[in-house]
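Presented below is the structure to which this report refers.
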Amino acid sequence: MPELPEVEVTRQSFASRIAGARIAAVRMGKPLRWPLGVAPESLVGQSVRQVRRRGKYLLLDLDHGVLLLHLGMSGSLNFATQQSAPGKHDHMDIETTQGCLRLHDPRRFGAAVWSRSEQQDPALKLLGQLGMEPLSDEFAIEAFAKGLKQRSAAIKQVLLAGDVVVGVGNIYASEALFLSGIRPTLRAQKLSMPRIIKLHAAIRSVLARAVAKGGSTLRDFVSAQGKTGHFQLEASVYARQGQACHICASPIRQIKQGQRSTFFCPTCQKH
DNA sequence: CCATATACCTGGCAGC
DNA sequence: TGCTGCCAGGTATATG
């Protein structure tokens with residue numbers, strides 16, 4: 001469920017509550033995408049200094065390293081001060097002196113990976129190829145233009161790839177392209193400067209707005225505080241195939257790009 | 001180097 | 001009710 005806004009909302013929902021907490025126990029459930037890389041007990045006794053985000057990864061800075069968490073397609077984190085028994089899709093419990101952080105992930109595409117230093121494996125491998133943070137100053141027009149210029153793939157797929165700009169997933173890619181009036185199939189290197197500027201602004205605004213609103217909730221997004229998001233009420237094109245475009249009333253079209261669904265308005269996004 | 005396909009896993013839903 | 005097939009927010013890895 002998580003694109004950048006959902007991950008960021010999740011981070012905000014427990015970061016301050018867990019900061020300074022000491023890990024008292026770690027319980028692992030079924031295997032996730034990758035092994036933790038260390039005995040769970042070795043995390044016990046360490047304190048959580050802060051929780052950061054890089055792309056769709058959450059980074060828990062502990063005393064002696066970094067714990068990377070990824071929510072995959074179906075993951076969510078719940079932070080509870082009251083104990084409750086783990087369900088069959090709860091695959092990691094980090095019990096701390098300030099509450100229990102629980103990773104819930106039915107499909108198990110998510111991951112929890114320990115790294116003694118963010119600068120070394122396996123974190124380097126996971127974080128090393130990531131593109132610019134869309135909501136930070138490094139995401140500048142010129143840098144964005146430069147990244148797009150060297151890519152011949154469709155702009156939608158370049159956005160999804162995450163090596164130019166991170167955090168834009170399948171929902172927000174369609175939304176940002178609609179906002180900027182760009183056909184998702186247009187090759188990235190064909191975007192004119194004015195359209196790059198529009199897309200740049202659209203990515204920032206759609207993501208920032210979603211963060212402010214508490215993330216999307218296409219199916220079941222829930223933050224670690226148990227609040228659901230509201231983005232689905234506002235999707236302009238995503239999952240609206242056949243329905244009227246809010247701008248021009250043309251039926252929204254659905255296509256496949258690289259096995260993923262893309263939604264766009266054939267009139268508002270001419271090319 | 002680049003672009004595209006594959007794989008991972010479970011649950012929900014439409015159609016029969 | 002139960003089966004089958006398809007679909008779903010991600011992304012590392014293999015393949016062309």
Side-chain angles (χ1 to χ4, degrees), chain A residues 1-11 29-35 37 53-58 68-77 87-92 103-113 115 121-131 147-176 184-190 206-207 210-211 213-223 228-235 237-242 254-263:
Chain A
M1 81 190 56
E3 298 185 32
L4 183 148
E6 294 74 35
V7 176
E8 177 59 18
V9 167
T10 297
R11 187 191 71 79
K30 288 188 194 167
L32 294 166
R33 179 161 189 179
W34 295 292
R53 179 189 56 74
R54 176 73 177 100
K56 296 168 191 167
Y57 289 91
L58 286 169
L68 279 82
L69 298 181
H70 197 286
L71 302 179
M73 290 273 256
S74 58
S76 61
L77 284 168
K88 69 170 177 172
H89 296 310
D90 296 329
H91 304 304
M92 185 179 200
L103 175 59
H104 175 87
D105 186 3
R107 291 176 72 180
R108 293 190 282 127
F109 288 172
V113 178
S115 176
D121 290 305
L124 187 64
K125 245 180 127 182
L126 293 176
L127 302 177
Q129 305 303 317
L130 298 184
L148 297 185
K149 196 150 293 177
Q150 39 203 155
R151 304 295 295 273
S152 62
I155 181 61
K156 155 79 175 345
Q157 296 183 265
V158 170
L159 291 179
L160 271 192
D163 50 359
V164 175
V165 58
V166 295
V168 182
N170 207 37
I171 298 177
Y172 297 109
S174 284
E175 293 298 311
T185 49
L186 184 64
R187 289 166 177 266
Q189 58 196 3
K190 295 279 192 184
V206 75
L207 293 179
V211 170
K213 295 233 168 191
S216 123
T217 177
L218 194 60
R219 283 184 173 70
D220 55 6
F221 173 67
V222 181
S223 77
T228 55
H230 303 285
F231 186 79
Q232 74 171 339
L233 304 175
E234 307 187 5
V237 290
Y238 188 84
R240 295 196 64 243
Q241 68 276 18
Q254 173 176 17
I255 60 173
K256 288 281 184 193
Q257 291 182 284
Q259 340 279 84
R260 312 294 304 278
S261 284
T262 298
F263 304 86

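In what follows, chains are A, B, ... by sequence order, proteins preceding strands, each numbered from 1.
In this model, a side-chain donor or acceptor of A/Arg107 finds a partner on the base of C/dA8 within 3.5 Å.
Considering NZ of A/Lys30 and NZ of A/Lys88, their distance stands at 6.5 Å, rounded to 0.5 Å.
Residue A/Ser74 has no polar side-chain atom (N or O) positioned under 4.0 Å from OP1 or OP2 of C/dA8. For C/dG10, the OP1/OP2 oxygens have no side-chain nitrogen or oxygen of A/His70 closer than 4.0 Å. OP1 and OP2 of C/dG9 both lie 4.0 Å or more from every side-chain N or O belonging to A/Lys56.
When the nearest nucleotides of DNA chain B are assigned to A/Ser152 and A/Arg108 by heavy-atom distance, the more 5′-ward of the two goes with A/Ser152. Where A/Gln150 and A/Lys30 meet DNA chain B, the nucleotide closest to each residue was compared, and A/Gln150 sits on the side nearer the 5' end.
The nearest whole Å value for the distance from the CG atom in A/Leu32 to the P atom in C/dT11 is 15 Å. If you measure from atom CD of A/Gln259 to atom C1' of C/dG10, you get 14 Å, rounded to the nearest angstrom. Atom CG in A/Leu159 sits roughly 16 Å away from atom C1' in C/dG9 (whole-Å rounding). Between A/Glu3 atom CD and C/dA8 atom P the separation is 13 Å, expressed in whole Å. At whole-Å resolution of the value, CG in A/Leu127 and C1' in C/dT11 are 13 Å apart. Straight-line distance from the CG atom of A/Asp105 to the C1' atom of C/dA8: 13 Å, rounded to whole Å.
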Problem set entry | Step-by-step side chain to side chain donor-acceptor pair (under 3.5 Å) determination, A/Asp105 to A/His91 | CA-CA 7 Å; A/Asp105 186 3; A/His91 304 304; over 6 Å; no
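Distance from the side chain of A/Ile171 is smallest to C/dG9 among C/dT11, C/dA8, C/dG9.
In this structure a side-chain-to-backbone donor-acceptor pair under 3.5 Å is missing from A/Gln254 to A/Ser261. Side chain of A/Gln257 to backbone of A/Thr262: no donor-acceptor contact under 3.5 angstrom is found. Put simply, the side chain of A/Arg108 never gets that close to the backbone of A/Arg33: no donor and acceptor are under 3.5 Å apart. Without hydrogens or angle criteria, A/Glu6 side chain to A/Glu3 main chain gives a donor-acceptor distance under 3.5 Å.
The heavy-atom pair separating A/Leu130 from A/Arg54 by the smallest distance is O-NH2, 3.3 Å. When all heavy atoms of A/Val166 and A/Gly55 are compared, the closest pair comes out as CG2-CA, 3.6 Å. What you find for A/Leu160 and A/Val168 is that their closest heavy atoms are CD2-O, 3.6 Å.
In this structure, a donor-acceptor pair under 3.5 Å is absent between the side chains of A/Ser152 and A/Gln189. Between the side chains of A/Lys156 and A/Ser174, no donor-acceptor pair of N or O atoms lies under 3.5 Å.
Using a 4.0 Å heavy-atom distance criterion, A/Arg260 is classed as a base contact.
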Between N or O atoms, less than 3.5 Å apart, protein on one side and nucleotides 12-16 of chain C on the other: list the pairs.
{"from": "C/dA12", "atom 1": "OP1", "to": "A/Tyr57", "atom 2": "OH", "distance (Å)": "3.0"}
{"from": "C/dA12", "atom 1": "O4'", "to": "A/Arg33", "atom 2": "NH2", "distance (Å)": "3.0"}

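Atom name P, nucleotides B/dC9 and C/dC3: the rounded distance is 22 Å, in whole Å.
Nucleotides of DNA chain B lying under 4.0 Å from heavy atoms of chain A occupy a range whose first and last members, 5' to 3', are B/dC2 to B/dG11.
Within the 4.5 Å cutoff, no side-chain heavy atoms of A/Ile255 are placed close to those of A/Phe263.
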Problem set entry | Intra- and inter-strand pairs of DNA chain B in dot-bracket (Watson-Crick or G-U wobble, both distances under 3.5 Å; | for another strand) | .|||||||.|||||||
